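Report on one structure; see the data block that follows.
Just so it is clear, the values below take in all heavy atoms, side chains as well, and ignore hydrogens, waters and symmetry mates. Here is the naming used below: chain letters follow the sequence lines, and residue numbers restart at 1 for every chain. Being a predicted model, the structure only gives us computed values, none of them experimental.
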Number of protein chains: 2
Amino acid sequence: MATIRDVAKAAGVSTATVSAVVNDSAYVSPELRARVEAAVRQLNYAPSMVARNLKRGKSQLIAIVVADLANAFFSRMVCLAEAAAAAWGYSLVVFNSDEKPEAEKRIISRIRMLSCDGIVLVPVGETAQNMRDDDGKSIPTVLFGRIVDDRRSDTVTIDNVSAGRQATNYLLDLGHRRIGSITGPLQLTTGRGRHEGMMQALQARGVTPLPHHIRSGEFREGTAYSVAREILEGDDRPSALYVANGVMALGLMRALSDLGLRCPEDISIASTDTIPGIGGLRPRLTRTEHPLSDMVNEAFRLLVDRISNGAPPAPRNVVFQPALVVGESCAPTVPLVVENHR
Amino acid sequence: MATIRDVAKAAGVSTATVSAVVNDSAYVSPELRARVEAAVRQLNYAPSMVARNLKRGKSQLIAIVVADLANAFFSRMVCLAEAAAAAWGYSLVVFNSDEKPEAEKRIISRIRMLSCDGIVLVPVGETAQNMRDDDGKSIPTVLFGRIVDDRRSDTVTIDNVSAGRQATNYLLDLGHRRIGSITGPLQLTTGRGRHEGMMQALQARGVTPLPHHIRSGEFREGTAYSVAREILEGDDRPSALYVANGVMALGLMRALSDLGLRCPEDISIASTDTIPGIGGLRPRLTRTEHPLSDMVNEAFRLLVDRISNGAPPAPRNVVFQPALVVGESCAPTVPLVVENHR
DNA sequence: CACATCCAGCTAAACGTTTAGCTATACTTG
DNA sequence: CAAGTATAGCTAAACGTTTAGCTGGATGTG
């Protein structure tokens, strides 16, 4: 591939003149400019971003590290992130830590070597402090969806407590009192927050859940499937379940299907998030949803601001509110009626 | 961030000695090696892949360009690609051409500037020839899923004709004779191949489809929704539909739902591919499926071979066979019986 | 005409790494 | 002891771009 020296030679000018024309960064006379442009076309020249990066210290790369790329939530996040990165003039390098803190460490190290300009990170576990350079200057970073003990990066999250509370309140409003839960991992702020929201809603109505109706596990379809079978195959099945994410909801659905249980006839289901695009399939999940598009766009706005202007005086923590979307996966309970003997 | 010069100065050696230790590329005495390693740890040194790339001409980046990242098929492909890239020691840069040839051109140009080592490309339209450098040497590339008139790159595809034929034969075997289709874009080898397979299956049984039962459109949920309503709201509705991809199947399902039609009671549906993970939702689609994991791994095997060893004597074209997966979205027709008047 | 001012275009260093080729020292051999 | 051989470690150029600072020529002024 042609370099700037080849173009300079072909046009009979210096490399500085070619750079000035290609980048439009200094006055170049019309005659010289025309010669340079002709040479650029003739040689099909494109500047090397590698060399440019070495000189300028800007890679035009943003890294995104998601927790589980097989999870449709995160793949939709990547889709939105690609569009946002492109809109800001960046390319997106995608990493999947697969919920493993050790993998996250290796990925962060790789990102430093790649000299990415910024990172959007879904933190795994509690360890996101290895991004600091030796001189204390870290790669501009925005944490997404989950919060860890890192007081330097901006964060974009959802009010997980509200997400859990709204979904649970919906079930309570329908008359459910024996409500179980598949909580997601409680060491994550997302899992913990949604669980806390559910517990707050129950306590506010004076409802005490049965401990064996509440199970936790990773945000994975297979995990939810197993855990759901344990809950559902018990002697006293709950009348409703709150599920902490969309992929777990699918696992729960598969368990219902395999056990011959109908939703919502035999059990009501509410979740936080669902899988996009499956509105035509039955049953449509009742759920609290992330405004994911707004969240991703905000994350990129904060990140690009950090890349351009450096760290703000104090880290920013933007919290979005979930929205309840009513589908058809919940039915009212028929309350037990104690007959009056006359 | 510390550079190799900082480490050299701290260790009291040359940069060549530091490079030899870090890369383990030449003998260094134990005493010097220990000093270098101590300095590396003390300064938290990580080599710059930008500078390394400029010198060596290897970026350790592979670009993947998908046609529609919002399509779950392509997002699953990206997920598998990230794992394959990581396994081969590469990072993955993700681009979405969104079915737009002009966007594809810009992306390819960007990939050249980034000096990615290789590309996995889902070509859009018929234009994938702008990857050649001026000296005729192109970035190692594997085309995925679709074939364009590019006789230089390897390709990994599915037998689309077989995919269409198998799904249609399944419907014919159930007694369906009024079979419609939502074909996908016919200028793509994928859309065209699946349509041809369907037509072959019908012709082999002496069945002539009604032209207004066959509609084409982009591989998008919204497109399929609109087109499906046109077919289904007509006076003589088909008894079955073959849909050319999983996302269109979801659009069709949504149209059925909105029109109050039950599947398979009112109409049977077969598709090529579905959305992963939704097996618990009703109805489970009967479909011909891509062995996507095998395909992605093969694509990366071919690409890494090209990166390492240069172009093979002749481009390779690996064709995978689809598999029919029977769900519950198809029912037998009750054949019309002409009563004998005695 | 001599001197001052302006500026288009050029030269060459730098970004951080790798590595070809050099050199001083150690060791071997006759 | 002199000559030959081996090699650890070093020097410095190169990868492709950007840009600070220089310079020769054009223009203006007294």
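- One can place CE of M1(B) at 12 Å from C1' of dT17(C), the figure rounded to the nearest angstrom.
- Applying the side-chain contact (heavy atoms from CB on, under 4.5 Å) test between I119(A) and each of V93(A), I107(A), V65(A) identifies V65(A) as the sole match.
- Using a 4.0 Å cut-off between charged nitrogen and carboxylate oxygen, E31(B) and R35(B) count as a salt-bridge pair.
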query = For R106(B) and E102(B), what are the C-alpha separation, side-chain angles and deciding distance, and is it a salt bridge (charged side-chain N to carboxylate O under 4.0 Å, His left out)?
reply = CA-CA 7 Å; R106(B) 286 194 300 271; E102(B) 286 305 309; 5.2 Å; no
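- Spacing between atom CZ of R52(A) and atom C1' of dC15(D) amounts to 16 Å, rounded to whole angstrom units.
- Residue S19(A) has no polar side-chain atom (N or O) positioned under 4.0 Å from OP1 or OP2 of dT19(D).
- Note: CZ (R5(A)) to C1' (dA13(D)) measures 11 Å, nearest angstrom.
- Under 4.0 angstrom from either OP1 or OP2 of dG9(C) there lies at least one side-chain N or O belonging to S29(A).
- Distances shorter than 4.0 Å separate some side-chain N or O of N23(A) from OP1 or OP2 on dT18(D).
- For T3(B), whose side chain is taken as the heavy atoms from C-beta onward, the closest listed nucleotide among dT17(C), dG9(D), dG9(C) is dT17(C).
- Counting only heavy atoms from C-beta on, S48(A) has its side chain closest to dT17(D) among dG9(D), dT11(C), dT17(D).
- Computed from coordinates, the D24(A) CG to dA8(C) P distance equals 14 Å when rounded to whole Å.
- Across all strands, V28(B) comes closer than 4.0 Å only to sugar-phosphate atoms, never to a base (heavy-atom distances).
- What separates CE of M49(A) from P of dT18(D) is a distance of 11 Å, to the nearest Å.
- Remark: C1' of dT11(C) and CD1 of I4(A) are 14 Å apart, rounded to the nearest angstrom.
- Of the possible polar contacts, one joining the S75(A) side chain to the A72(A) backbone as a donor-acceptor pair under 3.5 Å is found.
- Place A51(B) and V13(B) on DNA chain D by their nearest nucleotides, and V13(B) ends up nearer the 5' end.
- Side-chain N/O atoms of S14(B) include one lying less than 4.0 angstrom from OP1 or OP2 on dC10(D).
- Judged by distance alone, with hydrogens and angles left aside, the side-chain atoms of T15(A) form no donor-acceptor pair with the main-chain N or O of I4(A) at under 3.5 Å.
- To the nearest angstrom, P of dG16(C) lies 16 Å from NZ of K55(B).
- Listed pair Y27(A) / dC6(C) fails the phosphate criterion, with no side-chain N or O lying under 4.0 Å from OP1 or OP2.
- dC15(D) atom P lies 17 Å from atom NZ of K58(B), rounded to whole Å.
- Annotation: of the two residues near DNA chain D, T15(B) and L54(B), the 5′-most nearest-nucleotide partner is T15(B).
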